[in-house]
Peer 1: 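Dumping the structure here so I can ask a few things about it.
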Amino acid sequence: MEQALQKICGSRATTDPFELAPYAHDVAYVPAILVNLLTNPLPKAVVQPISAEEISSLIKWAKQGKIPVTVRGGGSTAYFNCIPMKSGLVIDTNRLQGFSEIELDQGSQKKMVWVKAGMTWKDLDDGLRQQGCAVCSSPSSAPSATIGGWVSMGGLGIGSVPYGPIHDQIMALRGVTATGEIVELSRPDKGPARNNGSEQSGLQFNDLMGTEGTRGIITEIKLLVRDVPEKEEHLLAVFNNETDTGAMMSWLGGEHFTSLYNVHFSSPEFIMSLQKAGYAHEIPPGKYSLEIDLEGKRDEVDQAVAHIRKQVKVLGGTLLPDEVGAEEWADRFKSLRLEQTLPSLLAAEMTLPVSNFAAFYERLSKLGQKTNTLCVTYAHLVSPDMALVMVLYPSDELNLIRYIVDLSFTSNLYKLGHSLGGKPYVIGFWNTPYLGKIYDKGERERRRQRKQAADPHAMLNPGKGYNPPNIILNSHVFGLAMIMIGLFRPMVLKILKGGQGQ
Amino acid sequence: MKTIEELREKIAKTSYICGSCGSCRSVCPVYREIGWESSAPRRKIALAKEVFLKKKEKQATDQYAQRLQECTLCGKCAEICAAGIKTRELWLNLREDLRARGMEHQNLTQMALQVKTTHNISTFPNENRLDWVDDLDEVEVEVSKVGSEVAYFVGCVSSFYPMSAGISQSIVSLLDRANVHYTVLGSEEWCCGFPLLASGNSEQVLELAQHNVAKVRALGVKTLITGCASCYHTWTHEYPTILGEDLGFEVLHATQYLAGLIRTKQLELGNIDETVTYHDPCDLGRNSGIYDEPRELLQAMEGLNFVEMPHRREMADCCGGGGNLAAVDKELSQAIAVQRVREAAATGATILTSACQQCVQTLQMAARQEKLPLEVLDVTELLWRSLEE
Ligand SMILES: Cc1cc2nc3c(=O)[nH]c(=O)nc-3n(C[C@H](O)[C@H](O)[C@H](O)COP(=O)(O)OP(=O)(O)OC[C@H]3O[C@@H](n4cnc5c(N)ncnc54)[C@H](O)[C@@H]3O)c2cc1C
Ligand code: SF4
Ligand code: SF4
């Protein structure tokens, strides 16, 4: 196998067990007992291609041998999205680096670049800024997330309020199909591309938007970029309760300020955890904070700031000194600092209507109290009326029983979110039991058809994103199992004095 | 000093914090060259977690040891870490543990023996420390002169390697021009111990620290200056901790001291008609917080067109010469240096400066290898050239 792969990629192919081992892991810890029961995550080989041609040869080779292929970018996801479920070949995209000269589209007067899939969002942004441009939006994992990785995920993050999900900013893309064909696809409304009907055969543009490497491999995208904004302001407002904070978030979304770039919520528990680790001391304890980032034309930013100042007052909030907001912004990629006080966190991430944010938070607090669980929450506004909410809670991966019973709490969180219009944000492998909560029946069927059309032999990232790949992950079986395990949780936490972290 | 058990406990706790997000991955110069996940900081921490937190000793393999020693200790991973982990400190602790396990790279064991024998990192006897003075016609360098204002700690590289002698020669020439009463320690200067610290051998540094500090104290100077970024870091950040006390004199990097002389007009600079860029040494910039003075000095020279590299200050890329990497994998070290000189050349600069003898040496070799039209100099060398010209 190694020889065949080396013929294609030279020394950029490996079957050395020491090198393969990391590719069986992503951000989240999952006990080996569960992983081994449900998956076979260790790849047989990893390759690092440098071109679409190499990827094409790899796919053709894998197809001959019926070897599953999983694509991996930054490996910064948490649901086994980029981890093989059936071993096979991992294509590591990190050597697909670089971007083209900035082009100006004469018709739309918009600027765009072709960028390779393995670049990180931060590297791209840094590179563009040297030329007076910037990415429109990026994930808060920009230093690690790759271009291809975020496009293949939900694509929501910092800057999504004005620019929408990343999928809206892609004008064309280049990639490799499940049969090894190299293709260039334009946005459906932009040109000659094949349309997006589920009956169409072959790979379509939308097949590569948020589909977790299950239908094709992105090698390059043509991305809209923006000019570096004339002015930036980073405000940090604190509020006394979730109602006022939620009202402020809704107001911010509803006002449609052209310069509103990002809004980031931190719960008092999140702030407290940071403070215990020696950060965020300028924020008064017990407060709910909203970082409000404005970017754009000078007068637009100034006008928005004046309005926001007034509204913060109206809602009984306080704006902290400017340096505090600037510091929060500078630390926007450092949300994991709370692991210094809570090192073994579990999480549920969901999109939620902003109008329900306060209600969600209130019920979450009650749920936390009832189950003796410290819930640490942060959220981004990702559209005028939608927030991306992350709820973290402490566990202890050194204690298997504790960890497994704690896992059941995630389904409580999704249930709570669902009751208020929320949906799990990503699927990957571990969230396949929640597919029914994410897509309605028609949409699930359409997705399955597209998968069948684009990857008829189910070679690309099998086990992800469509049907639960295992009876245990069937939504009913899984739901029941979670309820049963959840019944033991209070007892285990009591014995181990857990729930509130260490 | 920590016991090995305390050290292992500390490693275990730190490794537990890592969220495996991989923000440290793309900034790591070693990962960028090697490319496999096993070389990324997050994977090294994941293995440390297995070994120290989960007590899976079998994971401490030779490949694990090799990866831990393939690191320049540049600290860029610490700068970007999403969890705020002091990764550089963690790498040092892990190297201490490697030594305790007998897994240290043989070249590092050899280097430690060398320092023990000659009190320097070269194979020359320590009596040769002032060989570089022989080429100075107009400047008289006084040795261990009690009552001097300033002591200049030369550092092993520019004491023993002819390629770097220009740095020490420039520094004393500048001090002389500014009428500073300075002295050097000559053969009483011992290696500061940085290469030992970088190989996890803090134990052996104690003797060096005690000796060097006692010799400087005996001179009664107010200020000690170093031309080497790593010596500076060791004197300011490590010695006080190792000795558990204040040194009793201030320690400045040569660029800080010279910037002071320029500000008070005790030293006036000349003209340089060149486009010049500056490489922040990791141990002076990111690891010690000194970014401005070298730039201030460069911009104080008339005619000099100063340009910045894209990766600079806190996010400066490493030259590849740190952390004893060249002793463990010379090619890897050189490959990292090549990336850095290419970045420098792309700015249009004709001269790449730095403020560290090790960085200058490493970058000079890379520029030569790449046949780039780029001269590599220490800031102090360029300052002196401006006066000579
Ligand atoms: C601290 C932190 C903050 C985060 N913030 C955000 C956020 O704000 N918004 C957000 O959406 N997510 C966020 N995430 C989750 C994750 O980082 C992002 O989804 C990220 O975009 C994933 O990119 P990656 O390169 O790491 O992809 P990977 O994890 O490597 O892969 C993700 C999926 O994409 C597929 N894939 C990767 N590259 C390609 C390709 N070239 N072609 C086809 N398929 C491909 C993989 O097979 C996999 O299914 C965050 C994570 C962390 C740890
Ligand atoms: S210190 Fe530098 S070389 Fe070492 S792991 Fe961190 S970034 Fe890589
Ligand atoms: S950036 Fe920090 S938390 Fe993230 S993987 Fe690297 S060391 Fe771990």
Side-chain angles (χ1 to χ4, degrees), chain A residues 11-12 14 16-23 25-29 46 48 72-78 90 92 94-95 97 118-123 126-127 129-130 140-146 274 277-279 331-345 396-398 502, chain B residues 12-28 31-47 49-50 52-56 59 61-67 76-86 308-312 314-315 343 346-347:
Chain A
S11 62
R12 290 171 282 105
T14 184
D16 177 346
F18 179 77
E19 300 299 353
L20 300 181
Y23 295 87
H25 298 273
D26 64 8
V27 170
Y29 168 76
V46 180
Q48 294 181 330
R72 180 183 175 109
S76 66
T77 38
V90 165
D92 174 341
N94 284 281
R95 289 196 192 259
Q97 290 288 331
M119 253 197 131
T120 67
W121 283 91
K122 185 169 186 307
D123 283 349
D126 289 349
R129 278 177 193 267
Q130 284 166 40
S140 48
S141 50
S144 54
T146 61
L274 283 182
Y279 305 104
D331 288 340
R332 65 194 176 283
F333 302 133
K334 303 211 166 173
S335 58
L336 296 182
R337 292 183 307 189
L338 89 160
E339 301 230 10
Q340 290 185 25
T341 29
L342 302 168
S344 191
L345 289 163
D396 182 4
E397 68 174 75
L398 299 177
Q502 288 124 17
Chain B
K13 275 196 179 149
T14 310
S15 67
Y16 205 17
I17 298 168
C18 173
S20 283
C21 66
S23 288
C24 48
R25 196 175 51 91
S26 72
V27 298
C28 173
Y31 168 79
R32 285 207 306 251
E33 287 307 317
I34 294 179
W36 299 119
E37 266 286 338
S38 67
S39 64
R42 75 167 156 196
R43 179 57 185 172
K44 296 189 271 189
I45 300 181
L47 285 176
K49 191 166 162 184
E50 293 292 293
F52 297 92
L53 193 69
K54 302 192 175 170
K55 313 280 180 217
K56 294 183 184 163
Q59 299 266 18
T61 59
D62 289 344
Q63 281 172 302
Y64 155 87
Q66 177 69 14
R67 285 291 189 245
K76 215 169 165 183
C77 48
E79 189 68 36
I80 199 140
C81 177
I85 300 174
K86 292 181 179 136
E308 288 278 16
M309 282 188 268
H311 295 100
R312 56 180 181 266
E314 287 85 353
M315 293 318 277
E343 183 175 352
T347 62

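In what follows, chains carry the letters A, B, and so on, assigned in the order in which the sequence lines appear, proteins first and then strands, with residues in each chain numbered from 1. Every heavy atom of this structure was used, including side-chain atoms; hydrogens, water molecules and symmetry mates were not.
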Peer 1: Indicate yes or no for a side-chain donor-acceptor contact from Ser144(A) to the backbone of Cys21(B) under 3.5 Å, with no hydrogens or angles considered.
Peer 2: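 Yes, Ser144(A) side chain to Cys21(B) backbone: donor-acceptor pair under 3.5 Å.
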Peer 1: Which heavy atom in Glu19(A) sits nearest to a heavy atom in Trp36(B), and how many Å separate them?
Peer 2: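 Shortest heavy-atom separation between Glu19(A) and Trp36(B) comes out as OE1-CB, 3.2 Å.
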Peer 1: Non-hydrogen atoms of chain A under 4.5 Å away: do they reach the side chain of Lys49(B), the backbone, both or neither?
Peer 2: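 Only the side chain of Lys49(B) comes within 4.5 Å of chain A.
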Peer 1: Could you look at Ala21(A) and say if it's the side chain, the backbone, both or neither that has a heavy atom under 4.5 Å from chain B?
Peer 2: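 Looking at Ala21(A), backbone and side chain both touch chain B.
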Peer 1: Can you tell which of Asp331(A), Thr77(A), Leu345(A), Asp16(A) has the highest number of heavy-atom pairs within less than 4.5 Å of chain B?
Peer 2: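 Highest number of heavy-atom pairs under 4.5 Å: Asp16(A).
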Peer 1: Can you tell me how far the CG atom of Leu47(B) sits from the CZ atom of Phe18(A), to the nearest 0.5 Å?
Peer 2: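 The CG atom of Leu47(B) sits 5.5 Å away from the CZ atom of Phe18(A).
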Peer 1: Look up atom SG in Cys81(B) and atom NZ in Lys334(A), then write down how far apart they are to the nearest 0.5 Å.
Peer 2: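 It comes to 7.5 Å.
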Peer 1: At a 4.5 Å cut-off on heavy atoms, which part of Thr61(B) comes close to chain A: side chain, backbone, both, or neither?
Peer 2: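 Just its side chain gets close to chain A.
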Peer 1: Tell me which of these, Lys54(B), Met315(B), Gln59(B), has more heavy-atom pairs under 4.5 Å with chain A than the rest.
Peer 2: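 Ranked by heavy-atom pairs under 4.5 Å with chain A, first place is Lys54(B).
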Peer 1: Taking atom CZ of Arg72(A) and atom CD of Glu37(B), what is their separation to the nearest 0.5 Å?
Peer 2: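 If we round to the nearest 0.5 Å, Arg72(A):CZ and Glu37(B):CD are 4.5 Å apart.
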Peer 1: Say whether, by atom type as modelled, one donor and one acceptor occur between the side chain of Gln48(A) and the main chain of Gly35(B) under 3.5 angstrom.
Peer 2: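 A pair under 3.5 Å: yes.
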Peer 1: So which of Ala83(B), Gly19(B), Gly22(B), Ser20(B) has the biggest tally of heavy-atom pairs under 4.5 Å with chain A?
Peer 2: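 Looking at each option in turn, the highest pair count goes to Ala83(B).
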Peer 1: Which atoms of Asp126(A) are under 4.5 Å from chain B, going by heavy atoms: the side chain, the backbone, both sets, or neither?
Peer 2: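 Answer is neither: Asp126(A) stays 4.5 Å or more from chain B.
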Peer 1: Please rank Met119(A), Gln97(A), Glu339(A) by heavy-atom pairs under 4.5 Å with chain B and give me the top one.
Peer 2: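 Heavy-atom pairs under 4.5 Å are most numerous for Glu339(A).
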Peer 1: Which answer fits Cys24(B), side chain, backbone, both or neither, if we ask what part of it has an atom under 4.5 Å from a heavy atom of chain A?
Peer 2: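 Looking at Cys24(B), nothing touches chain A.
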Peer 1: Count the heavy-atom pairs under 4.5 Å between each of Gly74(A), Ser335(A), Ala145(A), Pro22(A) and chain B, then report the option with the highest count.
Peer 2: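 Most heavy-atom pairs under 4.5 Å with chain B: Pro22(A).
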Peer 1: Just how far is it from atom CE of Met309(B) to atom CD of Gln130(A), taken to the nearest 0.5 Å?
Peer 2: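 Between Met309(B) CE and Gln130(A) CD, I get 12.0 Å after rounding to 0.5 Å.
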Peer 1: If I take atom CD1 from residue Ile80(B) and atom NZ from residue Lys122(A), how far apart are they, to the nearest 0.5 angstrom?
Peer 2: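 NZ of Lys122(A) is found 5.0 Å from CD1 of Ile80(B).
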Peer 1: Roughly how far, to the nearest 0.5 Å, is OG1 of Thr120(A) from CZ of Arg25(B)?
Peer 2: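 The distance works out to 7.5 Å.
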Peer 1: Under 4.5 Å heavy-atom distance to chain B, tell me which part of Ser76(A) shows up: side chain, backbone, both or neither.
Peer 2: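 Answer is both: backbone and side chain atoms of Ser76(A) are under 4.5 Å from chain B.
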Peer 1: Would you mind checking which part of Gln340(A) comes under 4.5 Å of any heavy atom in chain B, side chain (CB onward), backbone (N, CA, C, O), both or neither?
Peer 2: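 Both backbone and side chain.
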Peer 1: Any idea which heavy atoms bring His25(A) and Arg43(B) closest together, and the distance?
Peer 2: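 Closest pair (atom of His25(A), atom of Arg43(B), distance): CD2-NH1, 3.9 Å.
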Peer 1: Heavy-atom distance under 4.5 Å to chain B: side chain of Arg129(A), backbone, both or neither?
Peer 2: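 Interface part for Arg129(A): neither.
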Peer 1: For the candidates Lys13(B), Arg32(B), Arg67(B), which exhibits the highest count of non-hydrogen atom pairs separated by less than 4.5 Å from chain A?
Peer 2: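 That would be Arg67(B).
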Peer 1: With only heavy atoms counted, which part of Ser11(A) is less than 4.5 Å from chain B, the side chain, the backbone, both or neither?
Peer 2: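 Only the backbone of Ser11(A) comes within 4.5 Å of chain B.
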